[in-house]
Amino acid sequence: MTELQWTIEGRRFRSPEEYQAALRDKNLIDSITGNLDLENPKDVETLYMELKKGKYEFESIVGRQFDDNIYELYKRMEQEKAQKAEKKRLHKEKRKQEIENVKNMLTRKRNTPKSAQERIRLEDMDKDMQKEILLIMKKRERKRRLMICACVLLCMVSFGYLSAYCQASVKSAREFEELVALKEAGANAQTPNSKEVKIHFTDGDLEAPDVLPEYQAILNKNQKLIGWVKIDDTIIDYPVMQTVNNEYYLDHNFNQEKDNNGCIFMDYQCDVIKGCDNIILYGHHMKSGKMFGTLNKYSSQSYYEEHPIIQFDTIYEKGEYQVMYVFRSKVYSEEDVNFKYYQFINAVSEKEFNSYLNEMAALSLYDTGVTAAYGDKLLTLSTCDYQEKKGRFVVVAKKIK
């Protein structure tokens, strides 16, 4: 009777001590497995890792047997997991190959003469293959329709943009033609200036000269007019504007409407009444050739030789300038220690003036043979150059009349 009391789960123990140790192991096992599901691979893996790290210590064969059982259960589940993953991978590869075969078959069918196509019939294939073919064909048809819709939408947007751009271009060209006509009419009329006009950025008590007759009517349309630039036998024949910054006329036209062509404008720091050593004019390099879109033709010396003179009038005085330097540069950061042509407006001394000229001569693409001395007045035309980031194409001329 006593021997039966030393039995746990059908296992007998020879002494009360062994029995008590086995009983403690059983109670420990019950506490461990009480909140675990040994059918759940995650719970088994967690328990296996805890046993492996020695979190629980067993005193008898009951505990050691439990440890062995958990080890075998974990290994079996890992093996089943690997088998499932391999089966899934093989199934996926098989599926992928079947789809590839269907696609190849459809491609061959599309490229097969009609007489041969008649022998490849959907009804001759099994149901699974028929489903795959129909699914692929449906996807291809959906993709084709989406592409057609996208192309139609893109064409509509492109035509709309092109139409708007063409209308704006025609309007802009007509407006400039009207301004040219006003200029020519004013020059022919030679009427005296009847209205006192003060130019921008001058002292309030500085008397402004009379406005040239050809610019009076245009100035009445826009008080920001400061002059006119023209190069014979080129598209460059535009009014020049000036305002309190170098941003406004980047995207506004003469009528102060939003326009990506912008206007030719003078650097806001230049003063045509007080005078300055170097007047800088900016204009966009438009692909249409408008504004300063053709200025980079001066990169060819033969083009310079055909167009050596730039006409630039302020609204008070006519002027002709002879091209002196042609070079490429860029807009530098404030920290960069480089020659920044766009900062040369006035030189404080003859030495500084000559230094500026030497920098431009060193950059010039060719030697025009034209030189300048301290006291000469310069004109700089600047536009974008797309050979490098923030690139600029620059033409510098000396006033000769």
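When a residue number appears, it is its place in the shown sequence, counting from 1.
Under a 4.0 Å N-O distance rule, the pair Arg64/Glu59 does not qualify as a salt bridge. At a threshold of 4.0 Å, the pair Glu214-Lys318 counts as salt-bridged, since one of the basic side-chain nitrogens sits closer than that to a carboxylate oxygen. Checked for salt-bridge contact, Arg89 and Glu86 meet the test: a charged N lies under 4.0 Å from a carboxylate O. Electrostatic pairing of Arg328 and Asp385 counts as a salt bridge here, judged by a charged N lying under 4.0 Å from a carboxylate O. Under 4.0 Å is where a charged nitrogen must lie from a carboxylate oxygen, and between Asp376 and Lys399 no such pair does.
Between Tyr304 and Tyr366, the angle of the ring planes lies from 30° to 60°, which puts this pair in the tilted group. Between Tyr321 and Phe312, the ring planes lie tilted relative to each other; the angle falls in the 30° to 60° range.
Between Phe344 and Tyr356, the distance from one ring center to the other falls under 6.0 angstrom. Between Tyr386 and His285, a ring centre-to-centre spacing shorter than 6.0 Å is recorded.
With sequence neighbours excluded, no residue forms a ring-ring contact (aromatic ring centres under 6.0 Å, His included) with Phe254. Residues satisfying the side chain to side chain donor-acceptor pair (under 3.5 Å) test with Lys221, not counting sequence neighbours, are none. Tyr342 pairs by the ring-ring contact (aromatic ring centres under 6.0 Å, His included) definition with nothing, not counting sequence neighbours. Under the rule for a ring-ring contact (aromatic ring centres under 6.0 Å, His included), the partners of Tyr282 that lie at least two apart in sequence or sit in another chain are Phe265. Every residue two or more places apart in sequence or in another chain that forms a side chain to side chain donor-acceptor pair (under 3.5 Å) with Asp232 is listed here: Gln311.
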Evaluate the criterion salt bridge (Lys or Arg N to Asp or Glu O under 4.0 Å) for residue pair Lys52 and Glu45; output intermediate values, then yes/no. CA-CA 10 Å; Lys52 185 177 180 181; Glu45 181 181 5; over 6 Å; no
Would Asp336 and Ser333 count as a side chain to side chain donor-acceptor pair (under 3.5 Å) here? Give the steps. CA-CA 5 Å; Asp336 289 332; Ser333 66; 3.0 Å; yes
Could you walk me through whether Tyr215 and Asp313 satisfy the side chain to side chain donor-acceptor pair (under 3.5 Å) test, starting with their C-alpha distance in whole Å, then the side-chain angles of each, then the deciding distance to 0.1 Å, before giving a yes or no? CA-CA 10 Å; Tyr215 299 117; Asp313 299 344; 2.7 Å; yes
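The shortest side-chain heavy-atom distance between Tyr248 and Lys224 does not fall under the 4.5 Å cut-off. Taking 4.5 Å as the limit, every side-chain heavy atom of Asp367 sits out of range of all side-chain heavy atoms of Tyr325. Under the 4.5 Å side-chain criterion, counting only non-hydrogen atoms from C-beta, Ile310 is in contact with Val395. Within the 4.5 Å cutoff, the side chain of Cys263 has no heavy atoms near those of the Tyr238 side chain. Leu225 is listed as a side-chain neighbour of Ile315, based on a closest heavy-atom distance under 4.5 Å. Between Leu36 and Leu47 the shortest side-chain heavy-atom distance falls below 4.5 Å. Looking only at side-chain heavy atoms (C-beta outward), Ile309 and Val323 stay at 4.5 Å or farther from each other. Looking only at side-chain heavy atoms (C-beta outward), Asn354 and Lys351 stay at 4.5 Å or farther from each other.
In this structure, CZ on Phe292 lies 12.0 Å from CG on Asn296, to the nearest 0.5 angstrom. The line from CG of Asn246 to CD of Gln269 is 7.0 Å long, rounded to the nearest 0.5 Å. Note that SG of Cys270 and OH of Tyr268 are 10.5 Å apart. Values are rounded to the nearest 0.5 Å.
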Which donor-acceptor pairs under 3.5 Å do the side chains of residues 70-82 make with protein atoms, sequence neighbours left out?
none

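The 12-atom threshold is not exceeded at CD of Glu39, counting heavy atoms of other residues, nucleotides or ligands nearer than 6.0 Å. In the displayed structure, Asn338 atom CG is contacted under 6.0 Å by more than 12 heavy atoms of other residues, nucleotides or ligands.
For the residue pair Asn261/Asp259, the side-chain donor-acceptor check at 3.5 Å is satisfied. Judged purely by distance below 3.5 Å, without hydrogens or angles, the side chains of Asn220 and Gln216 never pair a donor atom with an acceptor atom.
Under the 3.5 Å distance criterion, the side-chain polar atoms of Gln20 are left unmatched by any main-chain donor or acceptor of Pro16. In this structure, the side chain of Ser60 engages the main chain of Val62 through a donor-acceptor pair within 3.5 Å.
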